[in-house]
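Every chain is numbered from 1, with letters handed out A, B, ... down the list of sequences. From a predicted model like this one, the values you see are computed outputs, not experimental measurements.
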Amino acid sequence: MLNLAKIIVDVPTMQTNEPYTYQIPDFLNEQLEKGMRVIVPFGNGSRKVQGIIWEINHDGKFDGKLKAIESVMDLEPVLNDELLLMSKWMANKTFSFQISCILTMLPSVMRAKYQKQLKLVDDIDDENVAKIFSKSKIVDFNPEEFNKDILRKILSLKKKNKIEIKYNVKNKAQSKKILGLKPNIFDNDIDKELSSLRSNAIKQKNILYYIRDYPNKIISQRKLCKKYDISESAVKTAVNKGWFKQFQMEAYRNPYKQPVKRNYPLKLNADQSNAVIQVGNSIDNNNSKVFLLEGVTGSGKTEVYLQAMQKALAMGKTALMLVPEIALTPQMANRVKGRFGDRVAMLHSGLSNGEKYDEWRRINNGEADVVVGARSAVFAPLKNIGLIIMDEEHDTSYKQDDTPRYHTRDVAKWRAKYYKCPVILGSATPSLESRARATKGVYSLIRLPHRINNQSLPDVKIIDMKNELINSGDEDFSSELLSAIRNRISKGEQTVLMLNRRGYSSFIMCRTCGFVLKCPNCDISLTLHMDTKTMKCHYCGHEEPIPYKCPNCHDKKIRYYGTGTQKVQKKLQKLIPNAQIIRMDVDTTRRKGSHERLLQEFGQGNADILLGTQMIAKGLDFPNVTLVGVLNADTSLDLPDFRSSEKTFELLTQVSGRAGRAEKEGLVYIQTFNPDNYAIQLSRQQDYEKFYRTEMNIRHITNYPPYYFTVKITASDINESKAAAKMFEISKILKAKLSDQTIMLGPSPSSILRIKNKYYYQIIIKYKNEPSLHACLEYILQHYQKDAQKGLYVNIDPNPLNFM
DNA sequence: AGCACGCCGACT
DNA sequence: GTCGGCGTGCTC
């Protein structure tokens, strides 16, 4: 009879991907609960790692030697039963380690920091090693900082017990502490103090009045000062006199910089109220249905979300709303915040790690029952969820592109099943996968085919740039678009211009010999960055100066190729000198909050034109925008990706939806070299249903999703032939097991062969029904352990976003 | 991951 | 002989 705990340790390997049993020491027996983080010894020596309690067993047996849990990191569990259970499912589904899943579910500050230290125990004769301890007997130890020789010496000294290696597990999760005040003087004593004060000691009197009014209230020092106009030194005097007890109290950081205006439910049209009723019924009946809400841009999907959430809250349940990347849609965030106020917690990339932790704690403590956030918010520790919403469900940012490669939609559906609540997947252009499921009856389709207030859809004109190039010689701006922009400026209306950068880079090419400057580590061309005056690699971050002559043929005719936002901005400014242009791309929005600031400036009418990349296509709602121009619609058509038409259609439909959202009518120009392409033609009418049918036909003929499921298997190694050999080995195993209806592509080198000096080879499997595939892939993973230690990595991506 | 153990060739 | 390289296996 022992007190035992099963722990998932933070050692992400296949061999340790199961709970390890530890003894619970008596001093922790009362404290420990399932879902808490602990520190446990692991392996030989004094190594310690973080772990999560998976199970507690008070009369357990275990044969074999046991180690004891060393300490606990939490006062409350950080994972509830639901999330613990989900981590297991997720690990299985995404072919990753359970500990990796657990750690992605938690705010990043809860990931322990491991730090090694060297401790000098005895005198040592080696000068070079002794130097390390010149300042102190205990020093931080990062093996990378030392050469092999010294490391060897350190190791041998350790064996002789002259040096100890200490392992520290540090908890980074730290709450913000502020000074708190607790009244420490009562009734008669207050009057006594009051009478002994000098008559001009007004501040001291006010403090005593305050204490008399709120004798038991704890207040932060800052709040007291601000509210009663008292200086810090006055408070200090009061503390010295013993009126207050001063102490450190926990506080939440406040991530909301500006106050949000309150808003109220709007009147719904027939389609919208039908949607709210259907979802509401499902909430009432504890029915975990998935609704696909297909609504044209401007059809009022957001109001449906808000009122459906209202229903869930009215039943005492919580609501989770997911958006692509909240920093991209501050307007949406403010709308939810304005409707539900302090009950809302926000989780997005714009917050600091500390702010994210605080928002997470507010949710975990039940202080927030509405959560709005991007991908990782799907793991928000809400209990009793009544509704999950996924806005823009087709958006690719919902899929994490490194391990664990989960799709937010799958996690959302899992949680909905657990809580028996509905999911709304909303979009103007649903993913083909989701739309096809609606056709099959797996999801319930709700359509919002009309814009609210019966606004007409914007008039979309397609401009053939082949003709334009012949006539005016300009490949960026057609004369029609230019005159439309000038016309808006003269009327005081605004224009949004989008430069489609997907699959497009401004690289440098020699016009004499055709040389293209590439990254020395990755097989990819370097991108020109005018702000830093350097060439950068977008994969590994390599940076070098802009060449002024060709490194290959030494000719000076080396120029940039392709169009960057900066170049377009310069050109446009020349063409229309009086235009006020705001440029929005990765470079101008890198700093925290700059995205919101630029949008706000544009919204206040401080500029005529908003010029940007795809980031301007989503969710913006500016009533004064009456013209939208897409400068190059087709760059994303040319990508070697079976989803390129779908992506192009989505992008054009979304950006067109930015025009004419109020009374004024909208006009959209789409410039393209492929004016007859169906994705471009159909986006003109915003005819999603027709696009869906056309594209499904093509997918059917070409054997692509949603007609097939896909899996991508990748092997990477510094040595190209090793990666290739591994993939051929895997393909042999697969060929033997898979049915003949399954299609296997490869093994082939990935389209970007080399990233960060590693070579990539891949296999794509396309299958319809392959019940043994999952087990087979697990088997492959089990058998690559030895390779992983040598730097040969095998990766499995179920339902990959692309085949590159 | 991080460490020890054990087998092998190269060397004072 | 033995030092240091590297492949292999184990961690409750």
**Message:** Between A/Asn44 and A/Arg47, which residue's closest nucleotide on DNA chain B lies nearer the 5′ terminus?
**Reply:** A/Arg47
**Prompt:** When the distance from CG of A/Asn17 to C1' of C/dC12 is rounded to whole Å, what number comes out?
**Reply:** 15 Å
**Request:** Would you tell me whether A/Tyr761 and A/Glu720 have side-chain atoms, one donor and one acceptor, within less than 3.5 Å of each other?
**Result:** yes
**Request:** Check the distance between C/dC12's P and A/Ile99's CD1 and give it to me in whole angstrom.
**Result:** 15 Å
**Asked** Rounded to the nearest Å, what distance is computed from the CG atom of residue A/Leu151 to the P atom of nucleotide C/dG4?
**Response** 13 Å
**Asked** Looking across every strand, which nucleic acid part, if any, lies under 4.0 Å from A/Phe42 by heavy atom: base, sugar-phosphate, or nothing?
**Response** base
**Request:** Using only side-chain N and O atoms of A/Lys67, determine if any of them is under 4.0 Å from OP1 or OP2 of C/dC12.
**Result:** yes
**Message:** Under 4.0 Å from OP1 or OP2 of C/dC3: is there any side-chain N or O of A/Arg152 that close?
**Reply:** no
**Item:** Carboxylate-amine/guanidinium contact A/Glu729 A/Lys726, below 4.0 Å
**Value:** yes
**Request:** Would you tell me if any nitrogen or oxygen in the side chain of A/Lys158 comes within less than 4.0 Å of OP1 or OP2 on B/dA4?
**Result:** yes
**Prompt:** Could you give the CG-to-P distance, from A/Leu66 to C/dT11, as a whole number of Å?
**Reply:** 12 Å
**Asked** If you measure from the Lys or Arg side-chain nitrogens to the Asp or Glu carboxylate oxygens, is any gap between A/Arg362 and A/Glu359 under 4.0 Å?
**Response** yes
**Prompt:** Just how far, in rounded Å, is P of C/dT11 from CZ of A/Phe97?
**Reply:** 18 Å
**Item:** Between C1' of B/dA1 and CD of A/Gln50, the distance in whole Å
**Value:** 14 Å
**Item:** Nearest-angstrom distance from the residue atom NZ of A/Lys116 to C1' of B/dA1
**Value:** 9 Å
**Residues A/Phe642, A/Tyr708; criterion ring-ring contact (aromatic ring centres under 6.0 Å, His included); working and verdict** = CA-CA 13 Å; A/Phe642 72 91; A/Tyr708 278 83; over 10 Å; no
**Request:** Begin with the C-alpha distance, continue with both residues' side-chain angles, and end with the deciding distance and a verdict on side chain to side chain contact (heavy atoms under 4.5 Å, CB included) for A/Thr94 and A/Asp410.
**Result:** CA-CA 11 Å; A/Thr94 63; A/Asp410 299 328; over 6 Å; no
**Between P of C/dT11 and CG of A/Asp10, the distance in whole Å** = 18 Å
**Request:** Look at all strands and tell whether A/Lys6 reaches a base, only sugar-phosphate, or nothing, counting heavy atoms closer than 4.0 Å.
**Result:** nothing
